[in-house]
2 protein chains.
Amino acid sequence: MNIGEAAARSGVNAKLIRHYESIGVIPKAARSGGGYRTYTDNDVHTLAFVKRARGLGFSMKEIKKLVSLWRNKSRASADVKALALRHVQELEKKIAELDAMAKTLRHLARACHGDGRPDCPILEGLSRPL
Amino acid sequence: MNIGEAAARSGVNAKLIRHYESIGVIPKAARSGGGYRTYTDNDVHTLAFVKRARGLGFSMKEIKKLVSLWRNKSRASADVKALALRHVQELEKKIAELDAMAKTLRHLARACHGDGRPDCPILEGLSRPL
DNA sequence: CTGGGGCTTCCCATCGTTGGAAGGTCAAGA
DNA sequence: TCTTGACCTTCCAACGATGGGAAGCCCCAG
């Protein structure tokens, strides 16, 4: 099948498929006589795998590793688990950062009248060391 | 003072200061005879304001508005509060997304032996619709 | 055999930040 | 006064992941 159908079946945009190929996340697709990329059901499966990994927040670099582990039948599950848990830690770190931001901001906003007057604890909070 | 000292005092990188000026987040700095940017204590204060706003996750677009509200003595605190609360909502949305990712991944990882064998529920989870 | 839709490659934009290159300015020391 | 070296200037490019568009080729249906 051509890239358009592979995109429709995998849920990955055709442009993105070409991009993934160019950065080596997926292997280079076979080409038809006219130079069109051709895909198998297996390729579509790989694309859907990549899409789901993106949905879990993995970087393309990590996904590259995940795909190669996935295709390597003699992988050690410990390698996959390590990659996954490292990513969970990154997620938790980001969550903690965003949470701290939200907490601070909610605190400042709570003290702000929010009316027509110019006095604003939010701006004051941003004006001095937090 | 020159940009270097302004950078040291505000905690904002000199390159970043030029960038902020170029995108209009801060007003254009005055220039010395030799074409060097010159900064006042007030400018440093503005830069520190921007830095703290970044630290709370505001986009440069939002910070541009915050800076203009900050400099506008006749602002309405309601405008600031609305901007802040909208941002809190964005933060909460991102947190929820990351949290869902982490939950899914922890769930998959819990089922993975993490030894030398190739069987891996994490890869299997990524292979089929989540 | 022609039209139009799919495909190709290439470049540009986003967002915030950082890096380098090539060159001008300034202040201190010989 | 001249030199040195730190500081400054502008411009160009990159990161990561994605999207948009242009110019041009390929392929199938009518």
Side-chain angles (χ1 to χ4, degrees), chain A residues 1-26 28-39 43-44 46-67 87 90-91 94 97-98 101, chain B residues 1-26 28-40 43-44 46-67 87 90-91 93-94 97-98 101:
Chain A
M1 76 190 83
N2 284 339
I3 199 171
E5 193 178 345
R9 287 206 208 173
S10 67
V12 179
N13 195 281
K15 271 205 117 123
L16 220 30
I17 296 178
R18 294 191 195 97
H19 178 62
Y20 289 166
E21 179 183 315
S22 78
I23 62 175
V25 164
I26 55 172
K28 289 188 180 176
R31 299 285 183 139
S32 72
Y36 285 15
R37 288 173 179 81
T38 57
Y39 296 87
D43 295 331
V44 171
T46 301
L47 287 167
F49 178 94
V50 172
K51 185 186 174 79
R52 283 187 285 263
R54 279 298 297 149
L56 290 180
F58 285 102
S59 70
M60 295 316 298
K61 199 172 175 182
E62 290 166 327
I63 293 176
K64 201 167 171 177
K65 288 183 198 162
L66 283 174
V67 171
H87 182 55
E90 287 169 19
L91 289 171
K94 277 184 202 163
E97 288 170 359
L98 296 180
M101 293 176 189
Chain B
M1 75 191 84
N2 284 339
I3 199 171
E5 194 179 343
R9 288 205 206 173
S10 65
V12 179
N13 194 282
K15 276 206 115 121
L16 219 31
I17 295 178
R18 294 191 196 96
H19 179 60
Y20 289 164
E21 180 183 315
S22 79
I23 63 176
V25 164
I26 54 172
K28 290 189 180 176
R31 298 286 182 138
S32 72
Y36 285 15
R37 288 173 180 82
T38 56
Y39 295 87
T40 64
D43 294 331
V44 171
T46 301
L47 286 168
F49 177 95
V50 172
K51 186 185 173 82
R52 285 188 283 262
R54 279 299 297 149
L56 290 180
F58 285 101
S59 70
M60 294 316 298
K61 200 173 174 180
E62 290 166 328
I63 293 175
K64 201 166 169 175
K65 288 181 197 163
L66 282 174
V67 171
H87 182 54
E90 287 168 18
L91 289 172
K93 188 180 168 192
K94 279 186 201 161
E97 288 172 359
L98 296 180
M101 294 177 188

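Naming: A, B, ... by sequence-line order, numbering from 1 per chain. Keep in mind it's a predicted model, so treat the numbers as computed, not measured.
The backbone N or O of B:G11 sits less than 3.5 Å from a side-chain atom of B:K51, completing a donor-acceptor pair.
Residues B:I17 and B:I26 form a side-chain contact, since some pair of their non-hydrogen atoms from C-beta on lies under 4.5 Å apart.
A distance of 12.5 Å separates CG of A:L56 from CD of B:E97, quoted to the nearest 0.5 Å.
For A:E90, the side-chain contact (heavy atoms from CB on, under 4.5 Å) test picks out A:E62, A:H87, with sequence neighbours left out. In this structure, the side-chain contact (heavy atoms from CB on, under 4.5 Å) partners of A:F49, at least two apart in sequence or on a different chain, are A:L66, A:V67, A:W70, B:L123, B:L126, B:S127. When the side chain to side chain donor-acceptor pair (under 3.5 Å) test is applied to A:E21, the partners found at least two apart in sequence or on another chain are A:R37. With sequence neighbours excluded, no residue satisfies side chain to side chain donor-acceptor pair (under 3.5 Å) with A:T38. For B:R54, there are no side chain to side chain donor-acceptor pair (under 3.5 Å) partners, not counting sequence neighbours.
A side-chain donor from one of B:T40 and B:D43 sits under 3.5 Å from a side-chain acceptor of the other.
Residues from residues 16-24 of chain B with heavy atoms under 4.0 angstrom of DNA chain C, sorted by number: B:L16, B:H19, B:Y20. A heavy atom lying under 4.0 Å from DNA chain D marks the following residues of residues 2-12 of chain B, by number: B:N2, B:I3, B:G4. A heavy atom closer than 4.0 Å to some atom of DNA chain C occurs in B:R54, these being the qualifying members of residues 51-58 of chain B.
Put simply, B:R37 has a side-chain N or O that comes within less than 4.0 Å of OP1 or OP2 on D:dT9.
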Where do A:V50 and A:V12 land on the side chain to side chain contact (heavy atoms under 4.5 Å, CB included) test, with the steps shown first? CA-CA 9 Å; A:V50 172; A:V12 179; 5.8 Å; no
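Summary of helix geometry: the two end axes of the helix from C:dC1-D:dG30 to C:dA30-D:dT1, each defined by five base pairs via their C1' atoms, are inclined to each other by 40° (rounded to 10°).
Residues A:K64 and A:V25 come closest through the heavy atom pair CG-CA, 4.2 Å. Between A:A14 and A:A7, the shortest heavy-atom contact is N-CB, 3.7 Å.
Mapping heavy-atom proximity under 4.0 Å, the span of DNA chain C touched by chain B runs 5' to 3' from C:dG16 to C:dC26.
Atom NZ in B:K28 sits roughly 10 Å away from atom P in D:dT10 (whole-Å rounding).
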Nucleotides 21-26 of chain D: protein proximity per nucleotide (B base, S sugar-phosphate only, - neither; heavy atom, under 4.0 Å): B----B
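The side chain to side chain donor-acceptor pair (under 3.5 Å) contacts involving residues 6-20 of chain A comprise A:E5-A:R9, A:R9-A:D41, where partners must be two or more places apart or lie in separate chains.
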